[in-house]
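These notes are about the structure you will find just below.
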Number of protein chains: 2
Amino acid sequence: MRLVIARCSVDYMGRLTAHLPMAPRLILIKADGSVSVHADDRAYKPLNWMSPPCKLREETIDGVLTWSVVHSKSGEKLVLTIEEVLHDYSHELGVDPGLRKDGVEAHLQELLAEHITTLGDGWTLIRREYMTAIGPVDILCRDELGGTVAVEIKRRGEIDGVEQLTRYLELLNRDPRLAPVKGIFAAQEIRPQARVLAADRGIDCVILDYDALRGIERTDTLF
Amino acid sequence: MRLVIARCSVDYMGRLTAHLPMAPRLILIKADGSVSVHADDRAYKPLNWMSPPCKLREETIDGVLTWSVVHSKSGEKLVLTIEEVLHDYSHELGVDPGLRKDGVEAHLQELLAEHITTLGDGWTLIRREYMTAIGPVDILCRDELGGTVAVEIKRRGEIDGVEQLTRYLELLNRDPRLAPVKGIFAAQEIRPQARVLAADRGIDCVILDYDALRGIERTDTLF
DNA sequence: CGATGTATGTCGAGT
DNA sequence: ACTCGACGTACATCG
């Protein structure tokens, strides 16, 4: 990891063309080869950057220090013209042990599958990740009358999730062993427009309470 | 802008729960209040971060240095436990003059509207951003036989773009002054699955050559 | 303020 | 290697 603070101008020629006029900025060079140019705002997003794999070449042209970063595959190019280096510090960090995450969609799916009766008394799970030609349906189950139900789970329910479930339902309903298949769109939060579209398609909406589902799971292991 | 390299462990409690075990990392504190924790890889993306507006509080609990960053609106929390500070440097950068960009979707739409015959000889523009109840169609035009054509433009053509165009077509075809309306899905690059779905819906796909379109525009102003 | 569409999205998983 | 969907997506624009 190398940290350079310098007055520089930057030109990016790649998926788009962009230019940054001369100003003091942080240039961050990571061990994976990536280069990013940060201002003192915009949260963690750099003004400009190059992702690995790429190569940095330092050269002096007519007395002007220039750093050229070229992407090894696409040929995208980032050119930094350095006017003045204000700080330059390098430090070896080593490989990071990595991040452990909890609480994403996969977990929601797991929890709902284990507690499928959340959707209704007498409901039973057929299986999680039920495979179809166009991809896996999150949950396939039966309601209390034995009717097939396909459940699409999202953290936030938006229109494209309803479209996705619609495509699954269309396919599943071609299978005479399953048809008729009802749809349930389940999410922690469902956008009004998605709700309207779902209603129009005859799909039921269910709000999932993540904490409550997790609570069922952990009633025996509370602090 | 403050750059700290330190051995630290990190806990995030917010939209999800995450933990980073103790290891040396870069902690980047910007003037806008944002805090990000970087490893020596993963391009520009931090392992963990807090976006502004947020507040950083440094305190020592039982001899352990702790930085708590709390988001001012959502209450999300990032806690850094610092074991050893290896480098600590601050520098005022001032306000950045900002980035100038070229080459996005709006420009593609403009260019295609101006050169609608790219789609076919004798084609004519009805209008850009043709308004419907569910939103504006990118381009509405007539083919050489006077038939109405709705064009959806994307930089990258994916399934949801086809869905969007399908909804527009359904609506436009209810207008007897326009019907029948054909659909064209135009993009610099179209995903195979999007292409299949489009074919199934009777929608034509067109690949847009941004450089060529821009070339028509600039033949008189070359370097 | 919510809804919508773009992004140099990035990232990871599956094929 | 490529495709696809999720993301603590973030972000701007528009109603």
Side-chain angles (χ1 to χ4, degrees), chain A residues 10-18 34-37 42-52 54 69 71 73-78 98-99 101-109 129 131 134-136 138 152-161 163-164 187-197, chain B residues 12-18 34 36 41-52 54 71 73-78 99 101-109 129 131 134-136 138 152-156 158-161 163-164 167 187-196:
Chain A
V10 187
D11 288 279
Y12 168 70
M13 289 139 294
R15 278 166 281 185
L16 55 71
T17 303
S34 64
V35 177
S36 49
V37 181
R42 277 155 241 236
Y44 70 73
K45 190 156 193 216
L47 292 163
N48 236 323
W49 70 92
M50 185 61 73
S51 310
C54 63
V69 194
H71 195 264
K73 297 192 171 175
S74 63
E76 290 170 284
K77 201 172 180 182
L78 188 71
L99 186 67
K101 282 185 184 183
D102 275 325
V104 265
E105 187 196 310
H107 200 201
L108 264 183
Q109 191 195 107
E129 302 283 344
M131 207 54 200
I134 55 171
D138 287 338
E152 177 65 32
I153 300 170
K154 290 269 181 276
R155 204 176 59 72
R156 270 173 56 192
E158 300 184 34
I159 273 186
D160 54 352
E163 298 285 16
Q164 197 184 336
Q188 286 184 277
E189 177 202 347
I190 296 180
R191 296 289 185 184
Q193 296 229 347
R195 199 178 280 278
V196 170
L197 185 63
Chain B
Y12 167 71
M13 290 138 294
R15 278 167 284 184
L16 57 70
T17 303
S34 63
S36 49
D41 60 355
R42 278 158 236 239
Y44 70 73
K45 193 156 195 219
L47 292 163
N48 240 322
W49 69 92
M50 187 60 74
S51 311
C54 61
H71 195 265
K73 297 193 172 174
S74 63
E76 290 169 283
K77 201 172 181 185
L78 188 71
L99 188 66
K101 283 184 184 182
D102 274 326
V104 265
E105 185 197 311
H107 200 201
L108 264 183
Q109 191 195 107
E129 303 282 345
M131 207 54 199
I134 55 171
D138 287 338
E152 176 65 32
I153 300 172
K154 290 270 182 274
R155 205 178 58 75
R156 271 171 57 190
E158 300 184 34
I159 274 186
D160 54 352
E163 298 286 15
Q164 195 186 339
R167 290 194 294 273
Q188 285 185 279
E189 178 203 347
I190 298 180
R191 298 285 188 185
Q193 295 227 347
R195 199 178 279 278
V196 169

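Sequence lines set the chain letters: A, B, ... in the order given, protein chains first and strands last, and positions in each chain run from 1.
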Between atom [atom1] in [X] and atom [atom2] in [N], what is the gap in whole Å?
X	N	atom1	atom2	answer
A:Leu108	D:dG8	CG	C1'	14 Å
B:Leu47	D:dC7	CG	P	18 Å
A:Asn48	C:dT8	CG	C1'	8 Å
B:Asp138	D:dC14	CG	P	14 Å
A:Gln188	D:dC7	CD	C1'	13 Å

Minimum-distance pair of heavy atoms, taken over all atoms of [X] and [Y]:
X	Y	answer
B:Ser51	B:His71	O-CD2, 3.2 Å
A:Leu108	A:Lys154	CD1-O, 4.1 Å
B:Glu152	B:Gly161	CG-O, 4.1 Å
B:Ile153	B:Asp138	N-OD2, 2.7 Å

Closest-nucleotide ordering on DNA chain D, the 5'-leading residue of B:Glu189 and A:Glu158: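 This one resolves to B:Glu189.
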Nucleotide-resolved protein contact map, nucleotides 9-15 of chain C, B/S/- at heavy-atom distance under 4.0 Å: SSS----
Closest nucleotide among D:dG8, D:dA6, C:dT8 to the A:Lys154 side chain: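 Among the listed nucleotides, the one closest to the side chain of A:Lys154 is D:dA6.
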D:dA6 and C:dA7, which share atom name C1', separated by this distance in whole Å: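 C:dA7 and D:dA6 have their C1' atoms separated by 15 Å.
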Point-to-point distance, once rounded to the nearest 0.5 Å, from CD of A:Gln164 to CD1 of B:Ile159: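 CD1 of B:Ile159 is found 8.5 Å from CD of A:Gln164.
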Gap separating the OH atom of B:Tyr12 from the CD atom of B:Glu76, nearest 0.5 angstrom: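 Going from the OH atom of B:Tyr12 to the CD atom of B:Glu76 covers 3.5 Å.
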First encountered from the 5' end of DNA chain C, between A:Ile159 and B:Leu99: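 Its nearest nucleotide being more 5', the pick is A:Ile159.
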A:Ser34 and A:Pro52, any side-chain heavy atoms less than 4.5 Å apart: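 A side-chain contact exists here, since the closest heavy-atom pair is under 4.5 Å.
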Output a table of nitrogen or oxygen pairs between the protein and nucleotides 1-3 of chain C separated by less than 3.5 Å.
unit_1 : atom_1 : unit_2   : atom_2 : d
C:dA3  : OP2    : A:Arg191 : NH1    : 2.9
C:dA3  : O3'    : A:Gln193 : NE2    : 3.2

Under-4.0 Å side-chain N/O to phosphate OP1/OP2 contact, B:Gln164 with C:dG5: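 The answer is yes; a side-chain N or O of B:Gln164 sits under 4.0 Å from OP1 or OP2.
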